[in-house]
Amino acid sequence: KAGGLIGSRWDDCESDNPLAHRLGYIFESEPEISGHVEDGYDHELGGVEVTLIDVSSGSQTTEAVTITDDEGEYSFSGIDTGDYQIEIALECHRTAGDTAIFSVNYDTGAPVHVQTETFEVTDGMVSRYISFADPNLIPAAGIPQDHLDDLAAMYYHSKQVIDFEWTELGFTPDLILPIVVHGYTSNGQQDVYYSGNDGDIYVGAGCSDYADPDRPSNPRAAEGGGF
């Protein structure tokens with residue numbers, strides 16, 4: 001009988017020598033987590049910050065931080081076995097750890113953060129597909145679960161505008177970074193407007209719902225703010 005993979009190790013089934021079986025563990029792979037992030041409307045979210053949190057001890061410890069690529073993909077390698085959560089922040093970065101280009105916030109609060117449920121990592125590859133339409137995502141305090149996909153869609157279209165200016169026009173707006181996009185603002189404003197006082201963009205509750213998967217519900221939002 002030929003040898004083969006058992007779990008993530010090679011087992012030499014032809015050998016009766018216990019040592020040969022133990023040596024198969026040299027091929028055991030380190031745990032790796034990979035996946036991609038999308039907004040709930042089939043748009044991949046590139047440039048978002050992804051944090052791997054170790055919860056094995058009962059407390060939360062940051063294990064690693066990365067950002068998604070243009071296809072919304074991310075990966076963590078060389079990690080230990082254990083229990084983990086993944087946190088996603090709607091902040092756009094060029095490289096991990098740099099100053100965010102823009103963020104999407106709920107109303108006038110902090111940038112939108114969500115966490116996955118706890119999952120176990122043993123060995124080999126673990127795949128975690130993350131959609132902002134997933135009802136099991138855990139939003140930060142004060143952010144309604146049913147608005148997560150719409151807020152993520154604001155991120156996607158805001159990044160479209162930034163990428164167009166960067167790649168097609170060759171410049172980045174001369175603004176104070178990060179640009180802050182406030183979704184579902186509660187100040188009575190139903191439209192989209194840019195504030196010259198703080199340089200932020202405010203999206204009223206009437207324009208924040210993403211009704212059509214191919215375009216925003218309000219054309220003025222697309223033209224003026226890129227949502």
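No hydrogens, no waters, no symmetry mates; every other heavy atom, side chains included, goes into these values.
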Quiz item: Stepwise, does the side chain to side chain donor-acceptor pair (under 3.5 Å) test hold for Ser77 with Glu32?
Solution: CA-CA 4 Å; Ser77 59; Glu32 182 175 346; 5.5 Å; no
Exercise. Run the numbers on Tyr202 and Asp200 for side-chain contact (heavy atoms from CB on, under 4.5 Å), then give the verdict.
Key: CA-CA 7 Å; Tyr202 293 83; Asp200 290 356; 3.7 Å; yes
What's the separation between atom [atom1] in [X] and atom [atom2] in [Y], rounded to the nearest 0.5 Å?
{"X": "Thr99", "Y": "Glu91", "atom1": "OG1", "atom2": "CD", "value": "10.5 Å"}
{"X": "Asp146", "Y": "Leu151", "atom1": "CG", "atom2": "CG", "value": "10.0 Å"}
{"X": "Asp107", "Y": "Ile143", "atom1": "CG", "atom2": "CD1", "value": "10.5 Å"}
{"X": "His113", "Y": "Asn105", "atom1": "NE2", "atom2": "CG", "value": "9.5 Å"}
{"X": "Thr122", "Y": "Asp80", "atom1": "OG1", "atom2": "CG", "value": "12.5 Å"}
{"X": "Ser34", "Y": "Met125", "atom1": "OG", "atom2": "CE", "value": "4.0 Å"}

With side chains defined as the heavy atoms from C-beta onward, is the minimum distance between [X] and [Y] less than 4.5 Å?
{"X": "Ile86", "Y": "Thr51", "result": "no"}
{"X": "Asp83", "Y": "Phe119", "result": "no"}
{"X": "Asp39", "Y": "Asp149", "result": "no"}
{"X": "Ile33", "Y": "Ile79", "result": "yes"}

Exercise. With sequence neighbours excluded, tell me which residues meet side chain to side chain contact (heavy atoms under 4.5 Å, CB included) with Gln60.
Key: Ile53, Val55, Gln85, Gln115
Quiz item: Taking it one step at a time, do Phe132 and Leu90 satisfy side-chain contact (heavy atoms from CB on, under 4.5 Å)?
Solution: CA-CA 11 Å; Phe132 273 74; Leu90 290 183; 3.7 Å; yes
Is a side-chain donor or acceptor of [X] paired with a backbone partner of [Y] at a separation under 3.5 angstrom?
{"X": "Ser103", "Y": "Val180", "answer": "no"}
{"X": "Thr68", "Y": "Tyr74", "answer": "no"}
{"X": "His93", "Y": "Asp98", "answer": "yes"}
{"X": "Thr62", "Y": "Ala64", "answer": "no"}

Quiz item: Does the salt bridge (Lys or Arg N to Asp or Glu O under 4.0 Å) test come out yes or no for Asp163 and Lys159, once each step is laid out?
Solution: CA-CA 6 Å; Asp163 287 346; Lys159 188 173 185 297; 2.7 Å; yes
Quiz prompt | Ring centroid separation Tyr184 to His147 under 6.0 Å | solution = yes
Minimum heavy-atom separation for [X] to [Y], with atom names?
{"X": "Thr66", "Y": "Ala96", "result": "CA-CB, 4.1 Å"}
{"X": "Met154", "Y": "Val203", "result": "CE-CG1, 4.1 Å"}
{"X": "Pro139", "Y": "Gln145", "result": "CD-OE1, 3.5 Å"}

Exercise. Identify whether Val126 and Val65 are in the same connected component of the hydrophobic contact network (ILVMFWY, side-chain heavy atoms under 4.5 Å).
Key: no
Exercise. Indicate, with yes or no, if Ile67 and Ile101 share a hydrophobic cluster defined by side-chain heavy-atom contacts under 4.5 Å among Ile, Leu, Val, Met, Phe, Trp and Tyr.
Key: no
Quiz prompt | Candidate pair Tyr129 and His36, rule side-chain contact (heavy atoms from CB on, under 4.5 Å), full reasoning | solution = CA-CA 5 Å; Tyr129 166 86; His36 73 278; 2.9 Å; yes
Quiz item: Would you say the side chains of Tyr156 and Glu38 form a donor-acceptor pair under 3.5 Å?
Solution: no
Quiz item: Under the side-chain contact (heavy atoms from CB on, under 4.5 Å) criterion, do Ile138 and Thr116 qualify, and how do the steps go?
Solution: CA-CA 6 Å; Ile138 305 167; Thr116 66; over 6 Å; no
Quiz item: Should the ring pair Phe102 and Tyr155 be called parallel, tilted or perpendicular, given that the plane angle runs from 0 to 90° and is split at 30 and 60?
Solution: tilted
